[in-house]
Amino acid sequence: MHHQHVLSSIRTTCARFPNLVFAVAVSLPFALLILLALGLVWGTGQARAEDTASCAGTSLVEQLALSDPEKLAAARAEAAAIPNGSGLLWKVEKPGLTPSFLFGTMHVTDPRVTEMPEAARAAFDQAGTVVIETIEILDPAKAQAALLTRPELTMFTDGTTLTSLLNEEETEIISAELSRRGIPIALVSRMKPWMIAGLVALPACEMARKAEGVEFLDIKIATTARDRGKQLLGLESIGEQMQAMADLPIEFHIRGLVETIKLADLMPDIMATMTGLYLEGEIAQIMPVVLAAGPEELEDDASGYAAFEERIVRMRNHVMAERAAPILDAGNAFIAVGALHLPGKEGLVALLQDAGFTVTAIPANSGSL
């Protein structure tokens with residue numbers, strides 16, 4: 001009976017938020033960094049049109065340049081030490097094969113992001129096979145079925161409720177924010193904290209665009225490929241992506257939900273920072289800059305980011321590289337994944353190089369591939 005009640009709660013949630021594909025967010029700044037690492041998104045329809053102006057954030061790069069240029073220089077130096085930290089488009093080659101391409105995405109609907117750079121568009125146009133993280137995001141019915149099939153990944157199935165894990169102050173903070181958005185806390189009391197964080201993490205303009213049905217970059221890539229008759233493949237299932245989030249400690253998710261709400265005023269600035277650095281292809285700078293410019297709460301939670309990076313980024317990098325290899329061995333593929341998967345000693349670029357491919361950065365506005 002309890003299991004049936006949980007399934008009923010999931011169905012109610014999906015009905016309450018009809019644009020739901022999936023909610024995913026973690027502690028600031030991870031709530032927005034997830035947009036560079038995980039292809040699961042939430043479009044609730046809860047943002048009001050009059051709220052969209054609240055997304056006009058100021059880049060933390062600009063703020064640091066004025067307030068503490070030495071701190072900005074240190075953040076950039078830290079990023080420069082990360083292998084393959086610059087560049088969104090990479091050419092993947094092996095003798096005897098038609099070249100393929102690896103492209104880093106940001107899972108948002110910002111028109112500056114969804115309009116791919118010239119070189120990326122050219123690589124996409126010529127590819128015979130297009131690959132994204134999970135093609136299940138194209139089918140809302142499959143996404144909801146994934147929620148129903150493994151309810152323990154997204155819901156408390158043992159009688160636990162969100163409020164039973166919170167102290168009085170945390171309950172008040174979360175309840176007030178949900179009420180402001182027209183969501184009774186009782187409606188989501190059985191949802192895991194990281195699911196609820198997906199309701200409050202994104203700036204209002206992003207939520208409003210998703211509520212209006214605007215496609216984020218990965219879906220736009222996939223639907224265009226499908227419409228043009230290209231072979232469309234995925235590297236993961238939604239269930240695997242949900243499992244990655246569920247594997248992080250519950251304490252981490254609770255802290256993330258509370259901090260996401262407490263630091264809500266910083267969200268537009270973090271989004272502006274991420275978007276600006278993404279468009280410049282400076283992926284490795286994002287985390288150092290946000291930590292350098294953000295409040296002490298972020299610096300104190302660096303250990304939390306390590307857990308996020310291990311489970312959501314590094315471990316999945318290896319899975320993606322293993323599954324991408326045979327696709328790349330066929331040649332002429334365009335693989336688009338969250339941009340945080342590209343940099344680092346165990347990023348996709350390095351892992352594909354280790355697998356015998358030559359991987360070379362292509363400038364965003366390159367006239368030739």
Find out whether [X] and [Y] are in side-chain contact, i.e. whether some heavy atom of one side chain is under 4.5 Å from a heavy atom of the other.
X	Y	answer
Glu322	His318	no
Asn332	Thr129	no
Ile283	Leu277	no

About how many Å separate [atom2] of [Y] and [atom1] of [X], when rounded to the nearest 0.5 Å?
X	Y	atom1	atom2	result
Leu165	Thr160	CG	OG1	6.0 Å
Glu310	Leu248	CD	CG	10.0 Å
Gln243	Ser237	CD	OG	9.5 Å
Glu170	Thr163	CD	OG1	11.5 Å
Thr58	Leu66	OG1	CG	10.0 Å
Lys71	Leu64	NZ	CG	7.0 Å

Problem set entry | Side-chain donor-acceptor pair present, Glu282, Ser86, cut-off under 3.5 Å | yes
Which atom of [X] lies closest to which atom of [Y], heavy atoms considered:
X	Y	value
Leu60	Leu266	CD2-CD1, 4.4 Å
Lys192	Glu152	NZ-O, 2.9 Å
Asp218	Ala336	OD2-O, 4.3 Å
Asn167	Glu169	OD1-N, 3.1 Å
Pro193	Leu162	CG-CD1, 3.9 Å
Lys230	Ala127	NZ-O, 2.6 Å

Would you confirm whether [X], through its side chain, and [Y], through its main-chain N or O, come within 3.5 Å as a donor-acceptor pair?
X	Y	value
Arg121	Met116	yes
Ser59	Val61	yes
Ser164	Thr161	yes
Tyr278	Gly104	yes
Thr223	Lys220	yes

Problem set entry | Charged N-O contact under 4.0 Å between Arg323 and Glu236 | no
For this session: Might you work through the salt bridge (Lys or Arg N to Asp or Glu O under 4.0 Å) test for Arg316 and Glu240, ending with a clear yes or no?
Result: CA-CA 9 Å; Arg316 292 175 60 232; Glu240 288 174 318; over 6 Å; no
Exercise. Taking only residues two or more places apart in sequence, or in another chain, which ones meet Glu177 in a salt bridge (charged side-chain N to carboxylate O under 4.0 Å, His left out)?
Worked result: Arg180, Arg181
Seminar exercise, completed: Taken in chain and number order and not counting sequence neighbours, the residues that satisfy salt bridge (charged side-chain N to carboxylate O under 4.0 Å, His left out) with Glu215 are none
Exercise. Do Gln63 and Asp269 pass the side chain to side chain contact (heavy atoms under 4.5 Å, CB included) test, and can you show the C-alpha distance, the side-chain angles, and the key distance before you say yes or no?
Worked result: CA-CA 10 Å; Gln63 295 179 34; Asp269 290 347; 3.3 Å; yes
Mind checking whether [X] and [Y] sit in one hydrophobic cluster, side chains of I, L, V, M, F, W, Y counted as touching below 4.5 Å?
X	Y	answer
Val290	Leu279	yes
Val319	Ile238	no
Ile219	Val214	no
Val313	Leu351	no
Leu217	Leu232	yes

Problem set entry | Among Ile135, Ile132, Ile327, side chain to side chain contact (heavy atoms under 4.5 Å, CB included) partner for Leu235 | Ile327
Problem set entry | Val337/Leu102 under side chain to side chain contact (heavy atoms under 4.5 Å, CB included): CA gap, chis, key distance, verdict | CA-CA 8 Å; Val337 298; Leu102 176 66; 4.2 Å; yes
Problem set entry | Sequence-distant partners of Phe334, ring pair (Phe, Tyr, Trp, His ring centres under 6.0 Å), two or more places apart | Phe103, Phe124
Problem set entry | Heavy-atom neighbours of Gln126 CD exceed 12 at 6.0 Å | yes
For this session: Enumerate the residue pairs fulfilling salt bridge (Lys or Arg N to Asp or Glu O under 4.0 Å) with a member in residues 337-356, sequence neighbours excluded, ordered by first and then second residue.
Result: Arg314-Glu346
Problem set entry | Partner set under side-chain contact (heavy atoms from CB on, under 4.5 Å) for Ala284, not counting sequence neighbours | Ala79, Ile82
For this session: Please step through side chain to side chain contact (heavy atoms under 4.5 Å, CB included) for the pair Met287 and Glu78, ending with a clear verdict.
Result: CA-CA 10 Å; Met287 188 64 187; Glu78 179 183 343; over 6 Å; no
Exercise. Stepwise, does the side chain to side chain contact (heavy atoms under 4.5 Å, CB included) test hold for Gln285 with Glu280?
Worked result: CA-CA 10 Å; Gln285 285 190 33; Glu280 294 172 8; 5.7 Å; no
Would you tabulate the side-chain donor-acceptor contacts of residues 87-94 under 3.5 Å, counting partners in other chains and residues two or more places apart, or write 'none'?
residue : atom : partner : partner atom : Å
Trp90   : NE1  : Gly87   : O            : 3.3
Lys91   : NZ   : Leu369  : O            : 2.2
Lys94   : NZ   : Asp329  : OD1          : 3.1

